[in-house]
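As structure tokens, the structure follows; a few thoughts come after it.
Lettering follows sequence order; numbering is per chain, from 1. Here the structure is a predicted model, which is why all the values come from computation and not from measurement.
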There are 2 protein chains.
Amino acid sequence: MSDGIARRMEDIKPFQVMALLARARELEAQGRSIVHLEIGEPDFNTPQPIVEAGIAALRAGQVHYTPAVGLAALREAIANWYSKGAGITVSPERIIVTPGASGALLLAMAVLLNPGEAVLMADPGYPCNRYFARLLEGKTIGIPVTEASDYQLSSNHMDSYWTPETRVALVASPANPTGTLLSQAGLAALIKSVESRKGTLIVDEIYHGLVYEGRAATALGLSDHVLVINSFSKYFGMTGWRLGWLVVPNNFIEAAEKLAQNLFLAASTPAQYAALAAFKPETLEILEARRVEFQQRRDFLLPGLRSLGFYVPVTPQGAFYIYANCSRFSTDSFAFAQELLEKTGVAVTPGIDFGCNAPQQHLRFAYTTSTEQLQEGLKRLQAYLN
Amino acid sequence: MSDGIARRMEDIKPFQVMALLARARELEAQGRSIVHLEIGEPDFNTPQPIVEAGIAALRAGQVHYTPAVGLAALREAIANWYSKGAGITVSPERIIVTPGASGALLLAMAVLLNPGEAVLMADPGYPCNRYFARLLEGKTIGIPVTEASDYQLSSNHMDSYWTPETRVALVASPANPTGTLLSQAGLAALIKSVESRKGTLIVDEIYHGLVYEGRAATALGLSDHVLVINSFSKYFGMTGWRLGWLVVPNNFIEAAEKLAQNLFLAASTPAQYAALAAFKPETLEILEARRVEFQQRRDFLLPGLRSLGFYVPVTPQGAFYIYANCSRFSTDSFAFAQELLEKTGVAVTPGIDFGCNAPQQHLRFAYTTSTEQLQEGLKRLQAYLN
Ligand SMILES: Cc1ncc(COP(=O)(O)O)c(C=O)c1O
Ligand SMILES: Cc1ncc(COP(=O)(O)O)c(C=O)c1O
């Protein structure tokens, strides 16, 4: 290209919400009070036992590179967690510690996807997924999902969308932006369907732990051939530490390890030592209290939005998001989000970042702020919209 | 592929030295004393002011995502550092904070390289470089460099190796594994040569600051079109924190930012806050003392190796590596390294990880250990080899 920028960059989009966020900050700097319902991370700080473990590691000089796949003790701790929590045996060798789920998604796609091959994923979905595929010269097929399948992929979708060039299907449960779960039966059927086509399923379990109804059982209990993404970011409250993991089938261990060596060298050392405290009983107690708090927020915000006229056909069972149809108010959700910000000081994320499936009719509300703030937000929306 | 692994993985190699490292650990566990000359990171811990800043950040709850391009304060601090240290004005907007130089290398290549396009780089060179290109379906042309050009690329190499499919040339100064510098004149000629071909030069300055002779002036002083890689890993002693940066030309800012958003979300937050203390006078004083110590080690190890019969035609002027021709002792440096480990307990890195240019005749010695250990290492080698 004449400007010297690689072609892939034409297809890779920035987060549109950033413009809104910048404007929200500007308004705040001017003294306006903003209710933040656009933030995709817990408002809670990292649990204190994890922080203390991080500090202790720094004091002890744990500041050098670790093995590329992570500290042996951390990989074992994660394996133990699967064993205690889900009764599932995962050999620590299959666990690759990564710089966030972001790093895990890059590794997973890079070991699986050839140029020209396609990944099936739900639309709406997590924005970055399709760009990992694009980076690798793969294709993304965004499957428009609706309330009929709880906004999740199903084996029916595989029947309709799988082509000879399809290599991978990717799901997240609970999902961003919809907060919906795949049922155990749905997940099992999906695995069967993908594996019968000699494809591979990637399951993003980053919001596991943050589930308020039903159960989110790890896909690792259903197949030894899935790749599972997870992270210390959301449930464990460690977003800024940049630490996640990838569980791979046995035959992918070697490939994932050499790729992690070359792409990352290793994940953050202080973060890894800190994360050793993530599975302690006192930490899990804090996390459980937070989960309950998130549930209370959801149970407050969801009926409030519905009674204002936002349409949320499927009750989001996990994560901290409500993906609401706003077409009663607007068919241009981006402009509508700007309007809400300017007129009410309520910041939300318009659908556009999550795909091409009716984004203009949707807003994502994140309940990553206190119930008081949610209350204030609803009050402002009520006053403005009614 | 029948095993489900993407084709690129056939071309991506693990670090061969890992097998030696594992064996060294095994021997240590058995009680053998090992002199480590294979480690590519400072043996020093992170300077205390940086550690304290990291701890303070953790205590203050700085554990959430930062902007994708990094904290504004850190980007400004880096810009200031260029201004104070080199008298060069770099707008903070051009500085993208990344998860290590590793993240910066991925970003740089991804915004530049189309599939099928080639990157020219020195062989021997940093192992990961060619795999970033491979990940992106680009090609690597490893140019065999010799003492004649201080093991660096020159404009003559551009004349010989540049083809219509070449897009990028990549240099590191000081270099890994050779520790050699590009002269100012050499760098200027290289920039001119690359830019006259409408290509782009990436300059990896991760070992800047660790220079013992001559000067390593940043390429940013010579052109506004180069991409410059740097990191807090080596000079600042923060390897395990995973923090680096990329300086891009103005017309690449937007592309680099959206790519950083999607691939990384952001670099480590505690690391970024910690790094704010990296430019403090008390930190720089510590770093200068370490630089002097590295120089003393080099000045001890280099003549020692030469007098044993290792051939080091160019005096390494920076980093903490000596790339020595060992053909007087062996023409299979990997086997030789294994032999040295078993027989003398001295661990070194064989040439194979650094490319295809006579790796069998070379060993990399890293002086990332105390002078006493270097002394002990030389003593053992002397006893065994003579
Ligand atoms: C579904 C999903 N996957 C992955 C990620 C990446 O998270 P991290 O890299 O912080 O672990 C996110 C972050 O928002 C997400 O929502
Ligand atoms: C020349 C060179 N570039 C880049 C890196 C990557 O370092 P980091 O990702 O720790 O900043 C290294 C590490 O050894 C290196 O030697």
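In this structure, the portion of A:E137 lying under 4.5 Å from any heavy atom of chain B is its side chain and not its backbone. Interface residue A:L106: only side-chain heavy atoms are found under 4.5 Å from chain B. Neither the backbone nor the side chain of A:N129 comes within less than 4.5 Å of any heavy atom of chain B. With a 4.5 Å cut-off on non-hydrogen atoms, A:F264 touches chain B through its backbone but not through its side chain. Looking at B:A267, only its backbone comes within 4.5 Å of chain A, counting heavy atoms on both sides. Using a 4.5 Å cut-off between heavy atoms, A:Y273 does not touch chain B at all. Of the atoms belonging to A:P42, it is backbone heavy atoms, and not side-chain ones, that fall under 4.5 Å from chain B. With a threshold of 4.5 angstrom between heavy atoms, A:T200 does not approach chain B through any atom at all. If you measure heavy-atom distances from B:T66 to chain A, you find no contacts under 4.5 Å at all. Neither the backbone nor the side chain of B:K198 comes within contact range of chain A; no heavy atoms are under 4.5 Å apart. Of the atoms belonging to B:I55, heavy atoms from both backbone and side chain fall under 4.5 Å from chain A. Contact of A:E257 with chain B is not made at all, since no heavy-atom distance falls under 4.5 Å.
Nearest heavy-atom pair across B:L113 and B:G138 is CD2-CA, 3.8 Å. Between A:A277 and A:T283, the closest heavy-atom pair is O-OG1, 2.7 Å. When all heavy atoms are compared, the tightest approach of A:A275 to A:I50 is N-CG2, 4.5 Å.
The choice from A:L105, A:N251, A:L21, A:L265 that makes the most heavy-atom pairs within less than 4.5 Å of chain B is A:L265. Per-residue heavy-atom pair counts under 4.5 Å with chain A were compared for B:H225, B:K13, B:M238, B:Q48, and the maximum is reached by B:K13. Residue with the most contacts toward chain B among A:L243, A:L58, A:L259: A:L58 (heavy-atom pairs, distance under 4.5 Å). Of the listed residues (B:D43, B:L136, B:T46), the greatest number of heavy-atom pairs within a distance under 4.5 Å of chain A belongs to B:L136. Chain A forms the most heavy-atom pairs under 4.5 Å with one residue out of B:R130, B:E254, B:R59, and that residue is B:R59. Of the listed residues (A:S268, A:P67, A:A271), the one with the most heavy-atom contacts under 4.5 Å to chain B is A:S268. Listed options A:K258, A:M9, A:H64 were ranked by heavy-atom pairs under 4.5 angstrom with chain B; first place goes to A:H64. Of the listed residues (B:V51, B:I39, B:L112), the one with the most heavy-atom contacts under 4.5 Å to chain A is B:L112. When each of B:P270, B:A110, B:G100, B:A101 is checked for heavy-atom pairs under 4.5 Å with chain A, B:A110 comes out on top.
Contact of the B:V97 side chain with the B:V69 side chain is not registered, since no non-hydrogen atoms from C-beta on lie closer than 4.5 Å. Residues A:V119 and A:M109 have side chains in contact (heavy-atom distance under 4.5 Å, counting atoms from C-beta outward). By the 4.5 Å heavy-atom criterion applied to side chains, A:H36 and A:E28 are counted as neighbours. Side-chain contact between A:L20 and A:T349 is absent, with no heavy atoms from C-beta onward closer than 4.5 Å. At a threshold of 4.5 Å between non-hydrogen side-chain atoms, the residues B:V226 and B:E195 count as touching.
Separation of the B:Y126 and B:F354 ring centroids does not fall under the 6.0 Å cut-off.
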**Request:** Take B:W241 and A:T269 through the test side chain to side chain contact (heavy atoms under 4.5 Å, CB included) and record every step on the way to the result.
**Result:** CA-CA 6 Å; B:W241 300 73; A:T269 305; over 6 Å; no

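Between the CZ atom of A:F132 and the CG atom of A:L107 there is a distance of 10.0 Å, given to the nearest 0.5 Å.
Taking 4.0 Å as the cut-off between side-chain N and carboxylate O, A:E26 and A:R23 count as a salt-bridged pair. Ion pairing of A:K234 with A:E41 is absent here, as no side-chain N (NZ or NE/NH1/NH2) approaches a carboxylate O to less than 4.0 Å.
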